[in-house]
Each structure stands twice: as C-alpha cells, then as structure tokens.
2 protein chains.
Amino acid sequence: MSDQGSLRSTLHERGMRMTPQRQLVLDAVRELGHATPEEICKKVQGTAATVNITTVYRALDLLEQLGLVRHTHLGHGAPTYSAEEHEHVHLACHRCGRIDEVAIELLDDLAELLMSERGFELDPTHLALSGTCRNCREAD
Amino acid sequence: MSDQGSLRSTLHERGMRMTPQRQLVLDAVRELGHATPEEICKKVQGTAATVNITTVYRALDLLEQLGLVRHTHLGHGAPTYSAEEHEHVHLACHRCGRIDEVAIELLDDLAELLMSERGFELDPTHLALSGTCRNCREAD
DNA sequence: TTAAGTGCAAAAGCTTTGCATTGCC
DNA sequence: GGCAATGCAAAGCTTTTGCACTTAA
C-alpha cells in the first residue's frame, strides 16, 4: 500500500490534492472496517461537521480509483466500503444479516477453476457470499 | 417445482389467489431469465398495459416467498429476478458489466468447506461472483 | 490566476406506503 | 358483504448532477 507521500505524488500527477475531507474519509474507512457511505459521513462529521455527504461519495469514488478503498455488496441495500488492506471474503447471513469473514485463500481453488475454464479473473473481495449462518440454522 | 394446481392450492390456503397479474409476472421472469423489476414490468405491460410497477414489486415479493423466484445482486444498481429453476452461479464482470453463468457444482467444494469450518450454509445463487471477464482482460 | 474541490439544492433512480376502488368468493 | 388485490399518487431512501463559491498552487 502506498504511504502518505506517494499518495500525494500520485494525486499531484493528476492535478489533484489530498484535501482534509479526503483524508478524513480515508481515515474513517480504515477505522470503521466496513461501513456504508452514510456511516462514513457520520464519522467524518464527528470531526468536521460541515462535510457534506456528496463530498463523501466523491471522495470514496476517488479513493477507489486510487485503489485505497474498495466497496463490497454485503447483501441488500447500501454497499459498504473498506480499506484495501482489509482483505477478507465476507459471509452474509440473509436471515439475521450478520457479516462474518473468512480468509481469502478459501477461494483459491475456485478462482483457479474459473480462470482455467472461463478466463474469468475472480475478485473475491468485491461481493459477499450469501447463505445462512450457524446460529440461524440451529434456530430452525 | 410446484405445478399450476398446487400453486393455486398453496395460495388458497393462505387466502390468496393466482391473479392474472401474478401469473404474467411469473411468466415474464421465466421468459426473461434474469431481469430487473423494471424490465419485468415492461414485459408484462406488453400483454397487459395497465399493470403497475407497484404490482410487479408486490408480485415478485410474493413469488419469492413462495419459492418460485429468487433475486440476485449482479452488481451495482437494481437486483435481478429469475425463476427458481434457473440455477446458475453468476459471474459479473465489473469492467464491462457482462453476466456469465457457470454450473452451480463449481461451488460444491467451497460450500462444503464453509459448512465444516464455519457452519455456514452457502446459497450460491443469491449473489454474483465479481471479477474481470476474459474479453476485458485481453483488452488490457 | 485558474483549475480543483466543496457545499448546497435539486434531480434522478429504485422501492415502499397509503388509500380509494375493483372484483372474487 | 367482506377481504384480497390492484392502480395511482405520493413519499422515502440512496446516489448523482448542476452550479456558484472557495481555496490552494
């Protein structure tokens, strides 16, 4: 992952800057683990109350282009953003909504299979796997 | 899958009916493969122009409760609905948006692993796997 | 100076809700 | 008649867009 300095350079090459708002959004994403744009906005507004949710959306887009954050569809509703170093596969229970995480290596075999059979390069962190968690199954 | 008759009985037990609108929605879902509520609505309106999108949403909810259709999040934006017998795993290319399908058995090993390690019962049809398709990779 | 970045308001997409009307049983 | 189902309009929620103002290089 790029450090502060190289991030600034990357932005500078594109005629862009690391503004306080963008830094706050990045900090919030890193701190919150995975969070919706609105949650991120709330967090940011804890420090800088006037930051608008529009700016949060724009900052998230930019940070995603830069490869610093990514978003994941954990289930219905809003996507959640997480820092790039937060590399897990998400398991979303569609009964209770709980999100669990497993090591990304669990998908290695599948990824290889998809590549050899279809030429499809799997991005295992982008979407959650959906199903029923142990608790909910046992509650049946 | 239940046939016409048993479907009617199931509905009847709940004090509900198989209305023309619901039948049209079910037909449209089966015919279209996977389609958004709006696409389904357009299709239905080809036959019965006055059917409202509200009714489509309500019919889809009901048909999903009855296990006749299911919805899948193929990526950003609207979910797509497909008939229950339409059992594939979806591969969504996040570059070009193309949707490909692979046999569900490809996930058997993974499903078994998740069950034994986490007690998580995978529902492989609910969410698409995200990545980059061959065309887009070769276009690099 | 000037182009990027921001905030605000409004628009846009998707989905749900409230309510009066319709039509089966 | 009574209740489910429908259509319509309006509201709700998330996200995007347009635009004028601000600010850092």
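Note that this is a predicted model, so its numbers are computed, not measured.
Across the protein-nucleic acid pair, A:Gln23 atom CD and C:dG5 atom P stand 14 Å apart, rounded to whole Å. If you take CZ of B:Arg8 and P of D:dA4, they are 18 Å apart, rounded to a whole angstrom. When rounded to the nearest whole Å, the span between CZ of A:Arg14 and P of C:dG5 equals 11 Å. One interatomic measurement links the two molecules: CG of B:Leu24 to C1' of D:dA5, which rounds to 14 Å at whole-angstrom precision. Computed from coordinates, the A:Arg22 CZ to D:dA24 C1' distance equals 12 Å when rounded to whole Å. For the pair A:Gln65 CD and C:dA4 P, the interatomic distance rounds to 14 Å; values are reported in whole Å. Straight-line distance from the CD atom of B:Gln21 to the C1' atom of D:dA4: 12 Å, rounded to whole Å. At whole-Å resolution of the value, OH in B:Tyr81 and P in C:dC14 are 13 Å apart.
For D:dT6, the OP1/OP2 oxygens have a side-chain nitrogen or oxygen of B:Thr19 closer than 4.0 Å. Distances shorter than 4.0 Å separate some side-chain N or O of A:Asn52 from OP1 or OP2 on C:dC8. OP1 or OP2 of D:dG7 lies within a sub-4.0 Å distance of a side-chain N or O belonging to B:Thr50.
Counting any heavy atom pair closer than 4.0 Å across all strands shown, A:Thr36 reaches no nucleic acid atom.
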Problem - Per-nucleotide protein contact string for nucleotides 15-25 of chain C, where B marks a base within reach and S marks sugar-phosphate only (heavy atoms under 4.0 Å, - for neither) - result: SBBB-----SS

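Contact check for A:Gln21 versus A:Thr55: side-chain heavy atoms found under the 4.5 Å cut-off.
Of the N and O atoms on the side chains of A:Gln65 and A:Asp61, not one donor lies less than 3.5 Å from an acceptor on the other residue.
Remark: B:Cys93 SG to B:Arg134 CZ distance equals 12.5 Å, nearest 0.5 Å.
Between A:Asp123 and A:Arg70 there is a salt bridge, with a side-chain nitrogen of the basic residue lying less than 4.0 Å from a carboxylate oxygen of the acidic one. The pair A:Lys42-A:Glu38 counts as a salt bridge, with a side-chain nitrogen and a carboxylate oxygen less than 4.0 angstrom apart.
Side-chain atoms of B:Met16 lie closest to D:dA5 of the nucleotides D:dA5, C:dA4, D:dG7.
Closest of all the heavy-atom pairs between A:Met115 and B:Arg137 is SD-NH2, 3.4 Å.
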Exercise for the section: Determine, stepwise, if the pair B:Ile40 / B:Tyr81 fulfils side chain to side chain contact (heavy atoms under 4.5 Å, CB included). Expected result: CA-CA 9 Å; B:Ile40 293 163; B:Tyr81 285 76; 3.9 Å; yes

